[in-house]
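Letters go in sequence order (proteins before strands), and every chain restarts at 1.
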Amino acid sequence: MTLSKRYNAKESEQRWQDFWTERGIFKYRSDSGKPVYSIDTPPPTVSGKTHMGHVFSYVQAEAMARYQRMKGMEVFYPFCFDDNGLPSERFTETEKNVKAQDMPRSEFVKLCLEVTEEAEKEFRDLWTRLGFSCDWDLLYTTIDPWVQRISQRSFLDLNDRGFVYRKKSPTLWCPECGTAVAQAEMDDREFSSVFHDIEFKLADGSGTIPIATTRPELLPACVAVFVNPSDERWNSLIGKKASIPIFGHEVEILGDSKVDIDKGTGIVMCCTFGDSTDIEWWQEFGLDLRIVLDNRGHMNALAGFLEGMYWKKARKVLVEKLIDEGFRKESRNIEHTVNVHERCGTPLEYLINMQWFVSILDRKNELLQCGERVNWYPSYFKVRFDHWVKNLKWDWCISRQRFYGVPFPVWYCEECDEPFFAREEDLPVDPLEDSPGQPCSKCGSTSFRPEPDVMDTWATSSLTPQINARWGESDEREGFMPMSLRPQAHDIIRTWAFYTITKAYLHAGDIPWRDVMISGHALNPAGEKMSKSKGNVAGDPLIALEQYSADELRYWSCSSKLGSDVLFSEEVLGDGRRLVTKLWNAVKFAASHLEDFDPIQKPELKPYDRWILSRFTIAAERATDGMEEYEYSVAINRAESFFWKVLCDNYLEIVKKRLYSDDDKTGKQSAQYALYRVIYGSLRLFAPVLVHVTEELYQAIFRRSEGHESLHLAPWPNPGFMDEEALKYGDMSLLIIEEARKFKSLSSLSMAAPLKTLEVSAPAADLTGLSRFQDDLMNVTRAENILWTEGTLLTVSVISADE
RNA sequence: GGGCGAAUAACUCAGAUGGUAGAGUGCCUGCCUUACAAGCAGGACGUCGGGGGUUCAAGUCCCUCUUCGCCCA
């Protein structure tokens, strides 16, 4: 029971981490009979190093897992990695300095596995050292064969339900990555560009018209010219034809209200495809299709003399020619935003390709209702989901022309081109290597062409609840959905939260989880979001762990309100150390006075002991309220201010004399009784955040009498003690202590200096209540006596021992 | 251009339901107190972004403007 003078966090944290692992303290036991609290842990993308942003958000969810466990829930808390898909591909390409298309798919996949395995080790090491209470037996990675099986099963199920279709359709396309991308993978970026006014001849020879464009290289792709019907300058042109400079083909001049009269010259060309408006016009007016870009951004034969050039070069060459031949009239330099691929920053094109889609546009209302049924913490983030759903413009394109990902379980019949889907019992399949094992159901042919595409990484990571439930597997967890909690950051509401809700709805008509807690970001000291792609990541957690203990880093992670971003800076990282040290010293002190205490006994309680027990009840209730709302910072702040201000600064000083003295047995026992309860209670309030130091103190002092194998298996405090009168007069009496202390401080006296008399004046109604605290008040102030007099207000005057 | 959030002490941040502005750090002055100097006691420091409005009363509610961050056109 003797605790060392100083707490050695480094040694202690390692020791308890080993203890938890060896004893399997955090193992998920499906047969425990307790209600399950399941957490849909975010699988971090394995595409770089860990940073403080990871620590920040994962710790917040981890603290909630601890809280729920103490509340008596059987906590299902897995860990996982998202290691398939484009992010991991690009990470591997950078790390190994290779290009995926330069090698066979199997060889590249091998490299990806190598690189991601290394990164995953680092993650796991970090989580362990932060004291995470996840059950590593529940680990999954999105490239696991059984996870791929669930992902392919999801595709087949959506297909069976008629929610999937394949269509040659204009899609967002990244020429750098050579793949289709989803709306959600789009970013925008400012670029300098040039607005060119180009002269088109009217086909009937009646004159020329100026057309403003930033993309002259798309002239050969021009299929129409549009003006606004309400534009007096140009609406008489509608119905005429224009001739494309240099390329010579003629297009119709059409009217549409989508043309912005004030932009450029008010006349705009429609190309297949420059932007999403072009696609709408193309569909609405049944225009020709003139594709001039290939999948890698080079001009094709339709672009005539520009063939083979990358679009940038083609633009330059064409503009020179336009100038030479007098078609380019004017130009203006502009800054404008361009849609780019978030992974590589390349401006996106719209290209026509065969792609797989999940229909979502016709189910916006149902998805909004699902969003309604989920509890969002903090609530204001739900609006982001709503707006995203309402503003959806495309169905979800789930095919990617990439290499490292979950393949589509699909072949196409060489004879009749009918798609042929893998059988459930064959999953997972890679059509590039496996064969369907059956003849075509339509024409009987046995000759198949594999689908070479892989699925969008979100198509798999949107299934994390189903993966956790082992949906459709032989060991499926029954009654597992909806899960209890999805913790995630706010930047991926439109992707991860949205797609997960979508999948759960399409597969089962249900929500994926009841609660979602949205965490903020750790910003670097400059106040910017830390992200791997921006290269502005500050604070390597493994280095931080050399300097600060895990409990200190956890304290920092839990110091801000849920959902708000927080600045990462070296100074605040040390804040938790104060509390850890204080906790250590106070509990050590308490322990030294509890040696001879029998927790079973219930003595008659003194007023201040009733007071502190009542104060603790309030603190615990407030902390619980915070935790119930996923506001860990509210909980820790309330616990901390109770512990430090009320318990340490006042109560411990008040009862010190009684604890040290054996003259008053009942007084001592009463103090011990209260001390035991509030100290043990405080430890448990801090346990979800300061996981190591609280365990160390529990094991040293309370384990024997309380019997729980770990503090983290002890029940969350739910004290019922309340004495309103003791609470009222105890609080009031603090003013007397304060005045005595102020007197000593102003007189440059030690707090231990004796006082002669305290004259306390108070309203008659309060005198009796206050004077019950007299003995302890004399102890804590070292006053020889206290004079109680009647007055209108509570006032205190101090007479020093020297006078 | 739209949406969401933020603006409070020198710094980092708290401040349900309107009711005398708070904490930690930093600063100043004391104090080695039978847990803790990594501490304790005391102190100084704020037109709560600007401007309107509602109210007996506004950091808090309403309108408006400014700045910053995020998300999306």
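Proximity of a side-chain donor or acceptor of Asn650(A) to a complementary backbone N or O of Val646(A) within less than 3.5 Å is not detected. Not one N or O on the side chain of Ser745(A) forms a donor-acceptor pair closer than 3.5 Å with the backbone of Arg741(A).
Annotation: rA58(B) and rU8(B) have their C1' atoms spaced 14 Å apart (nearest Å). Annotation: rU25(B) and rG18(B) have their C1' atoms spaced 31 Å apart (nearest Å). Nucleotides rA44(B) and rC28(B) have their P atoms positioned 16 Å apart, rounded to a whole Å.
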Are there any protein N/O atoms within less than 3.5 Å of an N/O atom in nucleotides 21-29 of chain B, and if so, which ones and at what distance?
| from | atom 1 | to | atom 2 | distance (Å) |
| --- | --- | --- | --- | --- |
| rG24(B) | OP1 | Lys645(A) | NZ | 3.2 |
| rG24(B) | O3' | Arg578(A) | NH2 | 3.4 |
| rU25(B) | OP1 | Arg578(A) | NE | 3.0 |

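When heavy atoms are screened at a 4.0 angstrom cut-off, His593(A) is found touching no nucleic acid atom at all. Across all strands shown, Arg622(A) has no heavy atoms under 4.0 Å from either base or sugar-phosphate atoms. Among the protein residues, Trp556(A) comes within range of no part of the nucleic acid, since none of its heavy atoms lies under 4.0 Å from any strand. Heavy atoms of Lys742(A) sit under 4.0 angstrom from primed sugar atoms or phosphate atoms, though from no base atom.
Considering only the side chain of Arg577(A), rA38(B) comes nearest among rG42(B), rA38(B), rC70(B). Checking rC70(B), rU33(B), rA38(B) against every side-chain atom of Arg384(A), the shortest atom distance belongs to rC70(B).
With hydrogens and angles left out, the side-chain atoms of Ser705(A) and Tyr680(A) include no donor and acceptor closer than 3.5 Å.
Between Lys382(A) and the phosphate of rC4(B), there is no side-chain N or O to OP1/OP2 separation shorter than 4.0 Å.
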**Steps toward side chain to side chain donor-acceptor pair (under 3.5 Å) verdict (Glu631(A), Tyr377(A))** = CA-CA 9 Å; Glu631(A) 288 290 0; Tyr377(A) 298 94; over 6 Å; no

